[in-house]
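A quick write-up on the structure given underneath.
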Protein chains: 2
Amino acid sequence: MTQKKRPHHHGNLREALILAGLEIVRSEGPDALTLRKCALRAGVSHAAPAHHFNGVTSLRTAIIARGHRIFAQSMRDALADAANRSATSPKEQVTAICVGYINFAQTHSALFKFMFQPHDQDFTKIDAVTSDEIRRDAGRSYEVLRTACHPLGTTEKERAQVEATIWSMVHGYAMLFGDANSNLGPPRPDRPESIPAITDVLANLNWSFLGKNADSKGNSQE
Amino acid sequence: MTQKKRPHHHGNLREALILAGLEIVRSEGPDALTLRKCALRAGVSHAAPAHHFNGVTSLRTAIIARGHRIFAQSMRDALADAANRSATSPKEQVTAICVGYINFAQTHSALFKFMFQPHDQDFTKIDAVTSDEIRRDAGRSYEVLRTACHPLGTTEKERAQVEATIWSMVHGYAMLFGDANSNLGPPRPDRPESIPAITDVLANLNWSFLGKNADSKGNSQE
DNA sequence: GATTAAAATTGACACTGTCAAGTTGCAATG
DNA sequence: CATTGCAACTTGACAGTGTCAATTTTAATC
């Protein structure tokens with residue numbers, strides 16, 4: 001009985017394949033990812049990945065899960081930056097997270113597209129390890145926003161509404177305006193200065209959502 | 001010189017391929033679309049589409065353009081419905097358009113995903129006909145929203161901000177919550193009733209955006 | 001050292017998009 | 001009407017893709 005999981009040939013192929021995939025997405029774009037390319041980059045034969053991933057969908061999902069770690073970290077970093085500037089009101093915290101959100105979408109635009117592409121991941125067709133990974137890592141991403149939104153609602157229903165509002169706004173913005181070469185969104189007249197900043201967009205929200213004051217400083221987590 | 005464009009064998013293959021593509025996306029999902037499947041469904045050989053589309057990207061783009069017509073019509077229909085209920089204030093008009101937006105995303109969920117998937121359409125690699133089509137049809141979609149948003153801003157910059165705000169919000173909502181089987185967005189606890197309606201989300205906007213009253217009835221187009 | 005099971009390779013298959021060459025059929029020209 | 005010309009379409013091939021079955025290699029165990 002092995003106390004440590006020490007695979008035989010490669011060492012840790014599963015990890016290597018995920019990293020190879022991230023690199024391919026980064027350098028060649030979201031549509032360039034291929035099972036065989038990942039295998040080649042990891043230095044194994046084209047059919048080797050089958051022993052670690054149920055299929056290409058599983059590999060893609062695992063890459064997305066890994067992307068979520070960077071994504072969540074980007075939001076946490078922005079939150080920490082805001083805290084260093086003493087911007088700790090719920091409104092300021094949520095705004096900071098959105099800035100981190102958009103920052104990730106711009107800095108890792110190919111990965112962002114890859115992650116939030118509508119993929120038909122029949123969760124049933126994904127191996128248990130990867131399925132757990134995506135659930136955990138994507139959940140942690142959402143948890144960052146969820147925590148910051150918490151003080152903005154009193155009941156669970158209210159909080160769900162606030163979360164949906166912020167999440168929709170920032171995600172839509174990222175999709176439509178986040179990437180300079182985005183082909184979605186409104187047809188832009190080649191004037192990138194006509195794109196408002198995420199903070200300008202967020203300013204159009206009614207921040208005193210449901211009676212509570214979003215500007216009160218301090219940690220109001222119950 | 002032919003006064004009417006009457007192609008030789010098929011009659012109108014370009015149109016038939018687009019319709020075949022729409023049907024495939026509808027019935028088999030966004031990822032099921034294939035050049036060869038379209039050709040088969042249109043009753044021609046696998047290489048026939050090459051004479052009408054520069055490549056598969058062009059065909060996809062043409063299908064997206066066609067989808068935009070349905071999309072724009074869905075928003076216009078919702079706007080007409082609102083007018084029948086005498087809901088003609090800017091706020092009510094914009095809300096109605098968003099309802100039409102979400103309605104399209106739900107009714108034609110596969111097509112919506114297909115349309116707003118980040119596709120690398122190197123516009124240079126797309127034949128001129130299709131390129132004009134997508135620009136025109138996507139522009140018309142956006143024009144519906146643009147017109148409704150017009151009274152909500154006074155300067156051009158203000159209007160761009162309002163448009164970006166509304167568009168981001170409704171698009172993000174459609175992506176994250178529009179489709180019941182969406183795998184994006186927050187991990188939902190199998191409680192579909194916890195998803196707020198688009199109208200609830202829009203209610204969190206500060207509708208008196210920039211001093212002007214969004215509730216004033218009538219046609220305030222300048 | 002022999003056994004055994006996992007890890008990885010090799011080879012094959014159907015399917016994809018794209019290209020080159022050949023065929024068909026319509027339309028304008030003589 | 002016969003001929004020419006050209007666009008529409010077909011056929012065949014090619015490199016890649018994901019996936020599967022059969023085989024070999026490797027590492028841990030008895």
Side-chain angles (χ1 to χ4, degrees), chain A residues 1-18 20-21 24-25 28-63 114 119-122 124-130, chain B residues 1-18 20-21 24-25 28-63 114 119-122 124-130:
Chain A
M1 181 176 302
T2 57
Q3 54 186 0
K4 193 174 193 308
K5 218 183 174 188
R6 289 270 274 91
H8 307 310
H9 299 49
H10 182 281
N12 195 352
L13 184 53
R14 207 189 109 98
E15 182 73 8
L17 288 169
I18 294 175
I24 290 171
V25 169
E28 301 179 42
D31 294 350
L33 187 115
T34 282
L35 231 171
R36 289 168 112 105
K37 269 195 217 167
C38 289
L40 183 66
R41 185 177 273 263
V44 293
S45 75
H46 67 266
H51 293 267
H52 297 270
F53 298 101
N54 207 354
V56 69
T57 309
S58 286
L59 174 56
R60 295 175 72 90
T61 303
I63 295 169
F114 185 80
H119 36 280
D120 25 312
Q121 49 180 193
D122 292 359
T124 62
K125 288 188 177 178
I126 297 180
D127 52 281
V129 179
T130 306
Chain B
M1 174 177 307
T2 57
Q3 54 185 1
K4 193 171 193 312
K5 217 183 171 185
R6 289 271 273 93
H8 306 309
H9 300 48
H10 181 280
N12 195 353
L13 183 53
R14 208 188 108 96
E15 181 74 9
L17 287 169
I18 294 175
I24 290 171
V25 169
E28 301 179 42
D31 295 349
L33 186 114
T34 283
L35 231 172
R36 289 168 113 103
K37 267 194 218 167
C38 288
L40 183 66
R41 185 176 274 262
V44 293
S45 76
H46 66 267
H51 294 265
H52 298 270
F53 297 102
N54 207 353
V56 69
T57 309
S58 286
L59 175 55
R60 295 174 72 90
T61 303
I63 295 169
F114 185 80
H119 37 277
D120 27 315
Q121 53 182 188
D122 292 358
T124 63
K125 287 188 177 175
I126 296 179
D127 53 280
V129 179
T130 306

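Throughout, protein chains are lettered first and strands after them, A, B, ... in sequence-line order, and every chain is numbered starting at 1.
Shown here are the side-chain hydrogen bond (donor to acceptor under 3.5 Å, both in side chains) partners of B:Asp127, two or more places apart in sequence or in another chain: B:Ser58, B:Thr130. Applying the side chain to side chain contact (heavy atoms under 4.5 Å, CB included) rule to B:Lys37 yields the partners B:Ile24, B:Glu28, B:Ala32, B:Thr34; only residues at least two apart in sequence or on another chain are considered. Partners of B:Ala39 according to the side chain to side chain contact (heavy atoms under 4.5 Å, CB included) rule, which considers only residues two or more places apart in sequence or in another chain, are B:Val44, B:Pro49.
The list of salt bridge (charged side-chain N to carboxylate O under 4.0 Å, His left out) pairs with a residue in residues 41-57 of chain A, not counting sequence neighbours, is empty.
A heavy-atom distance below 4.5 Å is not found between the side chains of A:Phe53 and A:Arg60.
With axes fitted over five pairs at each extremity, the angle between the ends of the helix from C:dG1-D:dC30 to C:dG30-D:dC1 is 10° (10° resolution).
In terms of heavy-atom proximity, A:Cys38 sits nearest to A:Leu33 at SG-CD1, 4.0 Å.
Following rounding to the nearest Å, A:Arg14 (CZ) and C:dA6 (C1') show an atom-to-atom distance of 16 Å. Put simply, CG on A:Asn12 is 18 Å from P on C:dA6, counting in whole angstrom units. Distance A:His51 NE2 to D:dT25 C1': 12 Å, rounded to the nearest Å. The separation between A:Leu40 atom CG and C:dT9 atom C1' is 14 Å, rounded to whole Å. A:Phe53 places its CZ atom 14 Å from the C1' atom of C:dA7, with the value rounded to the nearest Å. One interatomic measurement links the two molecules: CG of A:Leu59 to P of D:dG18, which rounds to 9 Å at whole-angstrom precision.
Atom CG of B:Leu40 and atom NE2 of B:His46 lie 11.5 Å apart (nearest 0.5 Å). Annotation: the span from B:Leu59 atom CG to B:Asn54 atom CG amounts to 11.5 Å, rounded to 0.5 Å.
Between C:dA6 and A:His52, no contact under 4.0 Å exists linking OP1 or OP2 to a side-chain N or O.
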| What is the per-nucleotide protein-contact pattern of nucleotides 10-20 of chain C, from the 5' end, where B denotes a base atom under 4.0 Å from a protein heavy atom, S denotes such proximity for sugar-phosphate atoms only, and - denotes neither? | BBB---SBBB-
